[in-house]
Each structure stands twice: as structure tokens, then as C-alpha cells.
Amino acid sequence: MREIFAGLPWWVKWVAVPVIALVVFGSLIATLVGFVIGLLFKALVFVALVGGLIYVVRKFMAGSSSRSGW
């Protein structure tokens, strides 16, 4: 493999080959990036909802315990 690339100009190795790879595998890369971003967004929403639930439950428990007189 090194012998093949050794005789080629620099622009073929550093410009043309990556561009061809992006054209061929571009949709796969976009799908993977979209999946990872979607997963991170869902994890962020999950953390926010759980945090909000914990906040509401603690607020409710603090308010009900002070009124009950135990």
C-alpha cells in the first residue's frame, strides 16, 4: 500500500483520496453522526426530565411534611 501512495503527488493523498472517501461513505458517516447526536439529545432530555421529577418530588415532600406536623 505504501508503494502505491509513494509515487503519487501530495494532493492526491491529502485531497483526492479523502474527497473520494467522503463521496463513497458520506451517507454512512452522516447516518452515524446523526445517530450519535440524536442519542446525546435523548440522553440530555432524559437527564432533564429525571432532574425535574426529583425537584418536584422533593418540593412536594418538603411542603407536605411541614404541614402534617409529624
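Numbers here simply count residues along the sequence, with the first being 1. It should be emphasised that the depicted structure is a prediction, and the values quoted were computed from it without experimental measurement.
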Q: For Leu32, enumerate each residue passing the side chain to side chain contact (heavy atoms under 4.5 Å, CB included) test, keeping only those at least two apart in sequence or located in another chain.
A: Leu28
Q.
According to a hydrophobic-cluster definition based on side-chain heavy atoms being under 4.5 Å apart (Ile, Leu, Val, Met, Phe, Trp, Tyr only), do Phe25 and Ile20 belong together?
A. yes
Q.
Under the rule for side chain to side chain contact (heavy atoms under 4.5 Å, CB included), what residues qualify as partners of Leu8, not counting sequence neighbours?
A. Phe5, Val12
Q.
Trp10: which residues meet the side chain to side chain contact (heavy atoms under 4.5 Å, CB included) condition with it, sequence neighbours left out?
A. Trp14, Val15
Q: Quickly, which of Val56, Val50, Val57 forms a side-chain contact (heavy atoms from CB on, under 4.5 Å) with Leu53? Name it, please.
A: Val57
Q) Apart from Val45 itself, what residues make up its hydrophobic cluster, given side-chain heavy atom links below 4.5 Å? A) Phe41, Leu49
Q: List for me each residue that meets side chain to side chain contact (heavy atoms under 4.5 Å, CB included) alongside Pro18, sequence neighbours excluded, and say none if there are none.
A: none
**Q.** Val33 with Leu22, same ILVMFWY side-chain cluster at under 4.5 Å
**A.** yes
